[in-house]
Undergrad: 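Okay, here's the structure, questions in a sec.
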2 protein chains.
Amino acid sequence: MTTKATGKQGKGAEERLQELGYRLTPQRSMVLSAIEGSPDHISTEEIYEQVKAKYPNVNISTVYRTLELLRELGMVTQTDLGEGRVRYHPAERGHHHHLICSRCGRIFELDESLLYPLKEALLREYGFMADLRHLAIFGRCRDCQG
Amino acid sequence: MTTKATGKQGKGAEERLQELGYRLTPQRSMVLSAIEGSPDHISTEEIYEQVKAKYPNVNISTVYRTLELLRELGMVTQTDLGEGRVRYHPAERGHHHHLICSRCGRIFELDESLLYPLKEALLREYGFMADLRHLAIFGRCRDCQG
DNA sequence: TTGCGTGCAAACGGTTTGCAGGAAC
DNA sequence: GTTCCTGCAAACCGTTTGCACGCAA
């Protein structure tokens, strides 16, 4: 199979894989485009289902192995939303955070700037350099209070 | 087996169980005292090991069931430190948070007051009532930077 | 042609469940 | 005596691994 553009970011990521000496397989392409095509964070299972729709013989272990590779290379980022499983998004989509409503389950994205004061305070008070890329905050959303 | 004091907090929790109509079994007593006797957060496996030392026939499923009950009743609190397993501490031990060094693995406790500004900002900007009891922040500790 | 990447199947670790027997009340 | 709780064993779910084959380079 030849490399083909799968979306705005797709080609860049695929080329990067090859430049680093990794083989560009259809499975890897499809995992990449599933992640890049997802508006929000996507789980391994969801990626697997999406890839399987086009390519029914994929095995979920291949998806796991691909995700592990992409994570090592810093091309995708993991987020643990406390579901007992991890979710992925493209690394270049930037740092953002999650407000998870523990009643309705909705997930809201939170701008990073709100966390700067906390980050500074942690460094100042504890000498701790917080990596705030994976933050999930639980609580009640506007509609679910009271 | 008769109820016996297992520590400063033990008796209160055991009595509360009985008041609510639950049976006070040795297994439940021992799970409670394992949690209350632990200086920091304790995992299910660690609780199980501790109980088994005194009472070798306990089954880990009993530990899981007891922890689920205590959690439902609000007597213990879960914390997800991103280890793929959950840790417990007594609910009355109050709210506190964790700074987890992703290099050396050490866990530092963080005073809740540092989070008040964030909590206020979330409410003001997003109408989101954050429940900051379960927060885990990853990063590099003072000794592991650079 | 070479060896990396894959599909398959089995194993893993933490957790949950159905059941029958035993203990708390 | 009744009912709840337990131990046991098996199932569960997400994830990882060993192996031999096949495809990207």
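Bear in mind that the values here come from a model prediction, so they are computed numbers and not experimental data. What you see below is based on every heavy atom in this structure, not just the backbone, and it leaves out hydrogens, waters and symmetry mates. Residue numbering restarts at 1 for every chain, and letters A, B, ... go by the order of the sequence lines.
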Undergrad: Please state how far atom OH in B/Tyr64 lies from atom C1' in D/dC8, giving the value in whole angstrom units.
TA: 16 Å
Undergrad: What's the shortest heavy-atom distance between A/Lys54 and A/Met30, and which atoms?
TA: CB-CE, 3.9 Å
Undergrad: For the helix from C/dT1-D/dA25 to C/dC25-D/dG1, what angle lies between the axis at the first five pairs and the axis at the last five pairs, to 10 degrees?
TA: 30°
Undergrad: Mind calculating the distance between CG (B/Leu73) and P (D/dC5) to the nearest angstrom?
TA: 11 Å
Undergrad: With the side chain counted from C-beta on, respond yes when A/Leu24 and A/Ser29 share a heavy-atom pair under 4.5 Å apart, and no when they do not.
TA: yes
Undergrad: Does a side-chain heavy-atom distance below 4.5 Å link B/Ser38 with B/Asp40?
TA: yes
Undergrad: Would you call the rings of B/His89 and B/His41 parallel, tilted or perpendicular if under 30° counts as parallel and over 60° as perpendicular?
TA: tilted
Undergrad: D/dC4 P sits how many Å from B/Glu68 CD, rounded?
TA: 18 Å
Undergrad: Distance check needed: C/dC25 P versus B/Glu19 CD, whole Å only.
TA: 13 Å
Undergrad: Nearest whole Å is fine: how far is D/dC4 C1' from B/Glu72 CD?
TA: 15 Å
Undergrad: Nearest whole angstrom, please: distance from the P of D/dA25 to the CG of A/Leu17.
TA: 10 Å
Undergrad: How would nucleotides 2-7 of chain C be written as a contact map, 5' to 3', with B for base contact, S for sugar-phosphate-only contact and - for no contact, using protein heavy atoms under 4.0 Å?
TA: -BBSBB
Undergrad: Round to the nearest Å and state the distance from A/Glu45 atom CD to D/dT15 atom C1'.
TA: 11 Å
Undergrad: Distance check needed: D/dG14 P versus A/Tyr88 OH, whole Å only.
TA: 14 Å
Undergrad: Tell me whether B/Arg28 contacts the main-chain N or O of B/Arg23 through its side chain, where contact means a donor paired with an acceptor under 3.5 Å.
TA: yes
Undergrad: What verdict does the side chain to side chain contact (heavy atoms under 4.5 Å, CB included) test give for A/Ile47 and A/Thr66, after you've listed the backbone C-alpha separation in whole Å, the side-chain angles of each residue and the deciding distance to 0.1 Å?
TA: CA-CA 11 Å; A/Ile47 294 168; A/Thr66 303; over 6 Å; no
Undergrad: Decide yes or no for A/Arg106 and A/Asp143: does some side-chain heavy atom of the first lie under 4.5 Å from some side-chain heavy atom of the second?
TA: yes
Undergrad: Under 4.0 Å between a side-chain N/O of B/Gln18 and OP1 or OP2 of C/dA24, yes or no?
TA: no
Undergrad: Could you go through the side chain to side chain contact (heavy atoms under 4.5 Å, CB included) check for B/Tyr22 and B/Leu73 one step at a time?
TA: CA-CA 11 Å; B/Tyr22 295 96; B/Leu73 299 178; 4.0 Å; yes
Undergrad: Do A/Gln50 and A/Ile42 make a side-chain contact, defined as non-hydrogen atoms from C-beta onward lying under 4.5 Å apart?
TA: yes
